[in-house]
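Residue numbers start from 1 in every chain, and the chains themselves are labelled A, B, ... in the order their sequence lines are given, proteins ahead of strands.
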2 protein chains.
Amino acid sequence: MTGYEQRREQVLDGCAHVFAEKGYDSASIRDIAKAVKMSSGGLYHYCINKQDLLFQVCERAFRSLTARLDEALSSVHEPKERLYTVFATHLAYFLERPHELITLTENLSSLEPPGSGKIRTLQRRYYEVVSGVLKSFPEITEESLRVATMTLFGSINWVHTWYRRDVDGDAENLARVMTDLFLHGLAPSYQYVPPSEQETGPN
Amino acid sequence: MTGYEQRREQVLDGCAHVFAEKGYDSASIRDIAKAVKMSSGGLYHYCINKQDLLFQVCERAFRSLTARLDEALSSVHEPKERLYTVFATHLAYFLERPHELITLTENLSSLEPPGSGKIRTLQRRYYEVVSGVLKSFPEITEESLRVATMTLFGSINWVHTWYRRDVDGDAENLARVMTDLFLHGLAPSYQYVPPSEQETGPN
DNA sequence: GCATCGATCAATCAATCGTCCGATTACCTA
DNA sequence: TAGGTAATCGGACGATTGATTGATCGATGC
């Protein structure tokens, strides 16, 4: 990796930090420059504008996250273990580089075309992989697959708002509890029936 | 309700719209003024500053959401039905006033003291109610209660990023699918055991 | 019909924004 | 050490920000 590329990595690290803590819109170029110990003008040797910085952060994060998941899933074939792998890989990445995933979940809506389109492609690919893992469970219906996948993403992407290392343990522990919740549910032996159907439906 | 209070409601509605669509930071006072058909100066008859507008939107949303959930839960006592009530109430509110809940989930981090503290109190109260519903399930352990509650919130608060009325149906349908997922899970008859424990643990 | 008062307006303030640019430094090669 | 390129700096630009002001509008009470 050249010196330029190394410095660029540092710049993107600083961007992720600032974006995650202040939000893209209220993070100024001068904030970022200060975080990477550079003048605001000097930043423009590593991007074409502020939008491009957000794009580069998101792209790098999505690519490395996807690469890790592909690698981890390649050696796991049992459905339940694959589900655990999804949780564990994503959560481990979050604990390792929280600012990147926070930027991804909190500031992706600030990304404008054409960058937003490219990121959406990476996002869709990640979705397909996770959705494929869920599809291997026989209980999943075509109707519930979409909701289940989105529910899983919601669960994972919300972690950064409440996670505390001293209370919630490491990624493996969290992944175990969440996997268990997704496999069992709260009351595995009962089927919920809305009140309007309770006279005729099973309970 | 006085004329002033009516106009104030309209102002807050407009704020919620603009905050939800542009985000608090990049929403300017002029954007809000245009949305409520008023000059930027005139807005300051209904707030002390821009922060106060965000606070008022969040407070109003949290109070009415909590009131609805309290009311709905007061006549439901069976655990599974109470869980469904949580989903249905929250999702119905989202479909009815999406901009308010989007503002709540996307822009709460832009709220500064002292307003943020007051909102956090309302938030905690809402958490306690939902957590209480989950606690009534015998399968819930003390360790998993926190994770389960936060997972539930993550699932619900993520809906605004993917929901499409034509694909995903109304609030009752969505609540039914999500309740089912939380009760059953994906593979209710199996218990997940991490690979490292597979030699000795049950499977 | 006059006075009063809350509501709203256009105009404006200093501050900060993203971006750009010429000057300057740092570093590598010959 | 000389020369050239890449990296960085500090200051400047016009535009926009949140906020404030005095003037004006319209309804209400007397």
If you take any heavy atom closer than 4.0 Å to DNA chain C, which residues from residues 10-28 of chain B end up in contact? none

Would you kindly give the CD-to-P distance between A:Gln6 and D:dA7, to the nearest whole Å? 13 Å

Closer than 4.0 angstrom, basic N to acidic O: yes or no for B:Glu142 and B:Lys135? no

Could you tell me whether A:Arg30 contacts a base, only the sugar-phosphate backbone, or nothing, with contacts defined as non-hydrogen atoms closer than 4.0 Å? base

Report the relative orientation of the aromatic rings in B:Tyr127 and B:Phe153; use parallel for angles under 30°, tilted for 30 to 60°, perpendicular for over 60°. parallel

What integer distance in Å separates A:Ile29:CD1 from D:dA15:P? 19 Å

Does B:Leu174 reach the side chain of B:Phe87, with side-chain heavy atoms less than 4.5 Å apart? no

Considering all heavy atoms of both residues, which atom of B:Val86 and which atom of B:Leu69 are nearest to each other, and what is their separation? CA-CD1, 4.0 Å

Within 45° of the six-membered ring axis of B:Tyr24 and under 6.0 Å from that ring's centre, is NZ or CZ of B:Lys50 located there? yes

Calculate the interatomic distance between B:Asp52 atom CG and D:dT20 atom P; express it in whole Å. 12 Å

D:dG22 C1' sits how many Å from B:Tyr44 OH, rounded? 17 Å

Options D:dG10, C:dC9, D:dT20, nucleotide nearest the side-chain atoms of A:Ser39: D:dG10

I need the full list of side chain to side chain donor-acceptor pair (under 3.5 Å) pairs touching residues 56-76 of chain A, with sequence neighbours left out, sorted by first then second residue. A:Arg8-A:Gln56, A:Glu9-A:Arg60, A:Asp13-A:Arg60, A:Asp52-A:Gln56, A:Glu59-A:Arg63, A:Arg60-A:Glu100, A:Ser64-A:Tyr93, A:Arg68-A:Glu96, A:Asp70-A:Arg125

For atom CG of B:Leu53 and atom P of D:dG18, their distance in whole Å: 11 Å

Tell me: CG of A:Leu43 to C1' of C:dC17, nearest whole Å? 15 Å

Rounded to the nearest Å, what distance is computed from the NZ atom of residue B:Lys34 to the C1' atom of nucleotide C:dC9? 16 Å

Atom OH of B:Tyr46 to atom C1' of D:dG18: distance rounded to whole Å? 19 Å

If you assign each of B:Ser40 and A:Lys50 to its closest nucleotide in DNA chain C, which residue comes earlier from the 5' end? B:Ser40

Can you check whether B:His90 and B:Tyr126 have ring centres sitting under 6.0 Å from each other? yes

